[in-house]
Amino acid sequence: MDYAELCRMADEARGNSYCAYSNFSVGAALLTKDGKVYKGCNIENASYPAGICAERTAFVKALSEGEREFEAIAISGGPKGDNPNDAFPCGICRQFMNEFVSSEDFDVVIVHDDMKYDVYKLNILLPYSFGPESLYK
Ligand code: THU
């Protein structure tokens, strides 16, 4: 799948965001190695820490359906109703993703306001990470 299409799907997922408190809507589209896409959005809560980011929503949907092999995630985020504007994944999401991918291979695709995008390997966004392999060496 072409990343422009993945970005379009992330932006579409953004439309379902429940961001009653921050008014910052985020959508994500997670591409599996066999070409399936799981979409997610941020879902906030009156108890603020109970909210979840778009990226983890997409990952949890995919993981809970048994998916384990991932290629890339596109992220589209910005103030609700405005164009996307370079929403990078938060630290918790970077750590969450790192558990399930090989960070030097996994692409994080960030949508710009004109729907163009940039691609970063996860290990660039989360260097010197602590992951499953750190526990048992
Ligand atoms: N948010 C995401 O969905 N993904 C990120 O990586 C950054 C932040 C959400 C969380 C919250 O609902 C809103 O954006 C403002 O922080």
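For the single chain, residues carry numbers from 1 onward in sequence order. We count ligands from 1, going down the list as the structure has it; atoms in each ligand are counted the same way. The basis for the numbers below is simple: all heavy atoms, side chains too, and nothing from hydrogens, waters or symmetry mates.
Shown here, atom 16 (O) of ligand 1 is out of close reach of the protein: none of its heavy atoms lies under 4.0 Å off.
Given atom 3 (O) of ligand 1, the protein heavy atom at minimum distance is A54 N, 2.9 Å. In terms of protein heavy atoms, atom 4 (N) of ligand 1 is closest to E55 OE1, 2.8 Å. Residue, atom and distance of the protein heavy atom nearest to atom 9 (C) of ligand 1 are N42 ND2, 3.6 Å. With hydrogens left out, the protein atom closest to atom 10 (C) of ligand 1 is C53 SG, 3.9 Å, a heavy atom.
Between the N42 side chain and the F24 main chain, a donor and an acceptor come within less than 3.5 Å of each other. Judged by distance alone, with hydrogens and angles left aside, the side-chain atoms of R68 form a donor-acceptor pair with the main-chain N or O of L63 at under 3.5 Å. Judged by distance alone, the side chain of R56 and the main-chain N or O of F96 form no donor-acceptor pair under 3.5 Å.
Atoms of ligand 1 found under 4.0 Å from any heavy atom of E44 (numbered from 1 in listed order, with element): 11 (C), 12 (O), 13 (C). Near C90, meaning under 4.0 Å from any of its heavy atoms, are these atoms of ligand 1: 5 (C), 6 (O).
Nearest heavy atoms, N98 versus G131: ND2-CA, 3.9 Å. The two residues T57 and G40 have their closest heavy-atom pair at CG2-CA, 3.9 Å. Counting all heavy atoms, side chain and backbone alike, K121 lies closest to D105 at NZ-O, 3.4 Å. Counting all heavy atoms, side chain and backbone alike, A72 lies closest to Y3 at CB-OH, 3.5 Å.
At a heavy-atom cutoff of 4.0 Å, ligand 1 is contacted by the backbone of F88 but not by its side chain. Only the side chain of S22 comes within 4.0 Å of ligand 1, judged by heavy-atom distances.
Taking 4.0 Å as the cut-off, P89 counts as a neighbour of ligand 1 on heavy-atom distance.
For a threshold of 3.5 Å applied to N or O pairs, the pair formed by V26 and ligand 1 contains no separation below that value.
At a cut-off of 3.5 Å, with distance as the only test, a side-chain donor of T32 or D34 sits close to an acceptor on the other residue.
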